[in-house]
Amino acid sequence: MKLYEKYPLTVTNSLSGKKEKFESINPGFVGMYVCGPTVYNYVHLGNARTFLTFDTISRYLRFLGYRVRYVRNITDVGHLESDADEGEDKIGKKARLEQLEPMEIVKRYTEDFHTVMREFNILPPSIEPTATGHIVEQVRITQELIAKGLAYEVNGSVYFDVKQYNQLTHNAYGILSGRNIEELMESGRELDAQNEKRDKRDFALWKKASPAHIMRWPSPWGDGFPGWHIECTVMSTKYLGEVFDIHGGGMDLKFPHHECEIAQAQGANDKPPVRYWIHSNMLTVNGQKMSKSLGNSFLPSELFAGTHQLLERGYSPMTVRFFMLQSHYSSTLDFSNEALNAADKGFKKLNAAREIVQQLTHPGGGTSTHTDLEKQLSALCEQCYQTMSDDFNTAKTLAVLFEMASRINDFKSGNASLSLVSAEVFSRLQATYLGFMQEVLGLLPETSGNHALLDGTIRVLMELRKRARTEKNFALSDRIRDELKAIGVQLKDGKDGEMTYSLE
RNA sequence: GGUUCCGUGGCCGAGUGGCUAGGCUGAGCUCUGCAAAAGCUCCUACAGCGGUUCGAAUCCGCUCGGAACCUCCA
């Protein structure tokens with residue numbers, strides 16, 4: 001029996017707004033698409049949260065034994081600054097501002113993005129396609145939509161005909177975002193220079209490039225560039241099929257981006273493209289969404305170094321990862337120094353227990369004793385799977401890990417004996433704790449710079465202190481401890497004179 | 001104005017009608033030469049008002065407060 005059969009998943013599907021049982025189209029395989037970054041600027045911490053969410057989801061799917069094809073794109077063209085006809089795409093604008101070739105912009109910020117992903121231990125996707133690498137396909141699907149009467153060309157640009165689509169599909173437009181087409185008509189803001197469109201709800205599939213526009217490709221309608229929404233439709237269906245399992249992204253993409261994706265794919269292929277839509281919620285600062293325009297966003301590098309005004313100090317990538325995993329992906333998460341400090345301490349506790357559980361060895365003896373402790377440990381292991389299978393509840397899973405950590409500490413301190421549990425249960429505890437910490441939640445031990453040299457040096461000092469203590473020279477032993485403490489090395493005396501240290 | 005969502009103890013945050021979430025902080029105890037770490041105990045909450053129910057933080061309604069989306073946005 002596969003793990004995904006033993007611990008069946010439920011996920012909150014944004015289409016229904018409800019938790020649903022997850023069943024993949026092909027048993028044992030999962031296709032997942034997530035909208036990646038627009039590489040026209042550095043990614044900020046809010047962006048990182050979304051990718052962390054789907055990293056954890058893909059990690060757990062794999063942990064359960066699914067074979068996952070995870071596609072996350074790079075948007076390197078076609079993202080308009082505004083919806084107006086003369087709208088400039090973001091990459092092109094940035095290229096003009098920084099006086100660089102657009103592909104230099106793309107390269108620079110793609111590399112930054114990858115660096116940040118690595119720092120947070122976010123695994124690379126299976127495929128990372130770019131929008132500019134799929135111009136041909138985007139032109140082709142646009143032609144198909146025109147042929148089906150769902151799109152029209154005006155003046156070198158092509159627009160999707162929302163009204164027509166809605167008539168053919170029994171009002172499918174708005175199915176994801178809960179909007180209806182009449183309300184959109186009334187509520188949409190008036191934009192300038194919209195006279196090209198037949199209806200203001202229509203959106204661009206292809207935009208004509210003005211003479212000054214840098215990024216341009218030939219098309220049946222003249223030189224231009226693709227609209228924003230069409231790239232995701234093309235790349236997701238190309239690599240995952242016309243219907244695939246999971247589509248993810250930030251909550252703020254639900255409308256219009258994802259709504260438009262559904263319309264394009266359904267329009268072209270006559271079926272809804274996605275079985276489960278998953279949206280991760282926003283990172284907030286003082287209750288407001290983190291965003292550049294509000295001036296409350298900061299870069300991961302500023303967070304690590306503690307150089308932003310809002311930060312009291314720096315926090316390590318793994319502390320931040322832990323912090324984010326303490327809330328559910330579908331809730332907003334409010335950032336604060338206090339919360340980060342608490343996360344820092346909590347994460348250290350889990351780490352300490354990880355080291356202990358790795359070092360502990362069972363004395364042997366494989367007979368199951370069915371003690372209360374053994375039952376409790378087995379139950380905790382089970383709970384890890386159950387909580388993660390319950391809509392990827394990382395917060396609850398961490399709570400279980402904290403309880404496991406307490407039991408692990410008991411073994412170390414002698415409050416409980418390993419002889420009370422069988423070797424089998426113990427190795428399950430070991431494997432589950434380490435597996436969920438590192439593989440599922442991606443929480444790795446913090447590594448410090450020159451480890452071997454530092455470690456050796458501290459050990460010499462610990463030997464000196466041990467000798468001082470046996471000689472009851474507490475003045476000297478305290479001095480060694482206090483001075484090391486002052487530079488961030490905490491010594492801990494254990495039983496029988498043994499000594500350990502941890503780095504602050 | 002429309003759409004969606006939220007309001008949990010000092011702080012952060014899970015909570016799928018009945019069973020201790022968890023973390024951080026604070027207080028006390030145990031252990032310790034003293035610390036640190038660890039363990040134990042305590043501070044036990046669901047915005048307000050109604051309703052459904054044997055029973056509601058959890059379902060329904062209203063009020064108050066907050067957020068996101070409706071325009072680029074993870």
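Remember, it's a predicted structure, so these values are computed and weren't measured experimentally. By convention in this document, chain letters (A, B, ...) are assigned in the order of the sequence lines, proteins followed by strands, and residues within each chain are numbered from 1.
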Give the nucleotide from the list [options] with an atom nearest to the side chain of [X].
X: A/K492; options: B/rG15, B/rA36, B/rC24; value: B/rA36
X: A/S413; options: B/rA38, B/rA74, B/rA14; value: B/rA38
X: A/T38; options: B/rC34, B/rC69, B/rA74; value: B/rA74

Applying the Watson-Crick and G-U wobble criteria at under 3.5 Å, what pairs with [N]? Answer none if nothing qualifies.
N: B/rC46; result: none
N: B/rU20; result: none
N: B/rG7; result: B/rC64
N: B/rC34; result: none

How would you label the contact of [X] with the nucleic acid (heavy atoms, under 4.0 Å): base, sugar-phosphate, or nothing?
X: A/S280; result: nothing
X: A/L283; result: base
X: A/A339; result: sugar-phosphate
X: A/F255; result: sugar-phosphate
X: A/S327; result: sugar-phosphate
X: A/R465; result: base
X: A/K349; result: sugar-phosphate
X: A/K254; result: nothing
X: A/S406; result: sugar-phosphate

Taking the inter-plane angle between the rings of A/Y60 and A/F436 on a 0 to 90° scale, is it parallel (under 30°), tilted (30 to 60°) or perpendicular (over 60°)? tilted
Classify the ring geometry between A/H258 and A/H279 as parallel (under 30°), tilted (30 to 60°) or perpendicular (over 60°). tilted
Pair A/R407 + A/E403: basic N to acidic O under 4.0 Å: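 Looking at A/R407 and A/E403, the cut-off is not met.
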Any ion pair linking A/D112 and A/R108 (charged N to carboxylate O, less than 4.0 Å)?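 Between A/D112 and A/R108 there is no salt bridge, as every charged N stays at least 4.0 Å from the carboxylate O atoms.
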Ignoring backbone atoms, establish whether [X] has a side-chain N or O less than 4.0 Å from OP1 or OP2 of [N].
X: A/S331; N: B/rA14; result: yes
X: A/N415; N: B/rC40; result: no
X: A/K396; N: B/rG15; result: no

Stacking check: are the rings of A/F51 and B/rA74 less than 5.5 Å apart at their centres and under 30 degrees in tilt? no
Per nearest nucleotide of RNA chain B, the residue lying toward the 5' end, A/M282 or A/K289, is A/K289
NZ of A/K163: more than 12 outside heavy atoms within 6.0 angstrom?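 At most 12 heavy atoms, drawn from other residues, nucleotides or ligands, come within 6.0 Å of this atom.
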